[in-house]
Amino acid sequence: MPRDNMASLIQRVARQARQTFRPPGAGNSNSSNSGGGAPGGPRFVENLHRLRQLLDEVRAEDLRLAPRGPSAVPGPVQPPVSYMHICETESFSMGVFVLRAGACIPLHDHPDMNGLLKVLYGTLRIACFDTPLATATTADGGGEREESASGSAPSTAPRSRAPRRHRALLRSHQLYTPASPPCLLSPETDNLHQIDAVDGPAAFLDILAPPYDPEHGRDCHYYRLLDGRSLSLPVTADHRDLPKEVWLLETSQAADFWCGSEPYPGPRVSP
């Protein structure tokens with residue numbers, strides 16, 4: 001059964017997220033509702049710590065969820081993943097991703113974004129990479145040029161442009177369960193990740209700050225390991241040498257991955 005304080009808990013999570021990721025100086029600087037502080041600054045770190053604590057308390061029953069895969073949709077083909085929208089402001093979005101058994105959210109990035117992921121049920125295998133260290137573009141003639149990836153704007157080149165290769169840091173590859181603390185990402189650290197549902201369906205609560213917005217340079221890009229290895233393999237001793245540098249190839253969204261949508265059944269949230 002849901003806990004008696006469930007509604008206040010998810011409401012507090014949303015309000016703490018808004019407080020944490022509100023731009024510095026927003027609101028009344030003399031009140032507790034002022035901005036969340038500069039990223040990395042003491043106010044931001046304190047607010048983020050409080051948000052992590054609140055998020056760690058959330059359980060599936062608090063959102064009126066029972067272990068299952070995505071809800072069925074009309075038609076013969078079912079989405080491997082579905083999304084339940086909870087709330088969104090200019091500074092953050094919050095929702096629940098539901099994965100069917102064996103589903104994979106392919107390796108993707110979160111440009112200039114922070115994020116927190118809390119498993120609600122099931123087991124997830126998550127591979128995390130730091131922001132690409134450099135980019136190499138293969139020219140039509142086979143030559144290459146390397147350029148800094150920091151601060152670069154999303155490419156506006158036509159679709160026919162040569163594929164881009166990125167040197168990145170594979171930082172972790174591990175299992176997460178409801179007993180695990182939230183998985184964090186920042187604009188520089190663990191910003192790229194792949195998420196696999198292991199041994200059954202799974203769901204996680206997801207906070208992104210700010211939300212994706214292609215018009216402001218926050219579009220989602222997909223990648224794969226250049227050497228062809230799979231990140232969906234079980235976590236083994238081979239990953240004890242992490243972190244390590246790898247090369248990624250930017251790709252289009254996989255044909256077998258798409259995200260459906262379904263209603264959020266939990267308490268109403270007003271951030």
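Throughout, residue positions are numbered sequentially from 1 according to the sequence presented.
- One hydrophobic cluster, built from ILVMFWY side chains closer than 4.5 Å, cannot hold both V98 and Y83; they sit in different ones.
- At distances below 3.5 Å, at least one donor-acceptor pair connects side-chain atoms of Q16 with backbone N or O atoms of N47.
- Ring to ring, H221 and H108 are not that close: their centroids are 6.0 angstrom or more apart.
- Rounding to the nearest 0.5 Å places NE2 of H173 at 5.5 Å from CZ of R125.
- Contact annotation: the side chain of Y176 never approaches that of P181 to less than 4.5 Å [non-hydrogen atoms, C-beta and beyond].
- R100 places a side-chain heavy atom less than 4.5 Å from the side chain of P70.
- More than 12 heavy atoms of other residues, nucleotides or ligands shown are found within 6.0 angstrom of NE2 on H85.
- Atom CG of L225 and atom CD of Q194 lie 8.0 Å apart (nearest 0.5 Å).
- A donor-acceptor contact shorter than 3.5 Å links the side chain of S180 to the backbone of T177.
- With contacts defined as side-chain heavy-atom distances shorter than 4.5 Å, the pair D130/N191 does not qualify.
- Proximity of a side-chain donor or acceptor of R18 to a complementary backbone N or O of P271 within less than 3.5 Å is detected.
- Applying the salt bridge (Lys or Arg N to Asp or Glu O under 4.0 Å) test to pairs two or more places apart or on separate chains, those with a residue in residues 110-121 are D56-K118.
- Here CE of M94 is found 5.5 Å from CD1 of I207. Values are rounded to the nearest 0.5 Å.
- L231 and I195 fall into different hydrophobic clusters, where Ile, Leu, Val, Met, Phe, Trp and Tyr residues are linked whenever their side-chain heavy atoms come under 4.5 Å apart, directly or through other members.
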### Query
Hey, mind stepping through E262 and R68 against salt bridge (Lys or Arg N to Asp or Glu O under 4.0 Å) and telling me if it holds?
CA-CA 13 Å; E262 55 183 291; R68 62 170 178 81; 2.7 Å; yes
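- Between F21 and F92, a ring centre-to-centre spacing not shorter than 6.0 Å is recorded.
- Judged by distance alone, the side chains of D109 and Y223 do bring a donor and an acceptor atom under 3.5 Å apart.
- A 4.5 Å side-chain heavy-atom check between L205 and I10 finds at least one atom pair inside the cut-off.
- A salt bridge is defined here as a Lys NZ or Arg NE, NH1 or NH2 lying under 4.0 Å from an Asp or Glu carboxylate O, and R171 with E188 fails to meet this definition.
- For the atom pair D190 CG and F129 CZ, the distance stands at 10.5 Å (nearest 0.5 Å).
- By the 6.0 Å contact criterion, CG on D199 is open, its count of non-hydrogen atoms from other residues, nucleotides or ligands being 12 or less.
- By the 4.5 Å heavy-atom criterion applied to side chains, Q19 and R22 are counted as neighbours.
- Atom CH2 of residue W258 and atom OG of residue S82 lie 12.0 Å apart, to the nearest 0.5 angstrom.
- C128 has its side chain within reach of S172: a pair of non-hydrogen atoms, C-beta onward, lies under 4.5 Å apart.
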Does R224 form a side-chain contact (heavy atoms from CB on, under 4.5 Å) with L107? I'd like the steps, not just the answer.
CA-CA 6 Å; R224 65 173 175 83; L107 182 61; over 6 Å; no
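- Within the 4.5 Å cutoff, the side chain of V198 has no heavy atoms near those of the L124 side chain.
- Contact check for P265 versus L65: side-chain heavy atoms found under the 4.5 Å cut-off.
- With values rounded to the nearest 0.5 angstrom, C220 atom SG is found 4.0 Å from Y212 atom OH.
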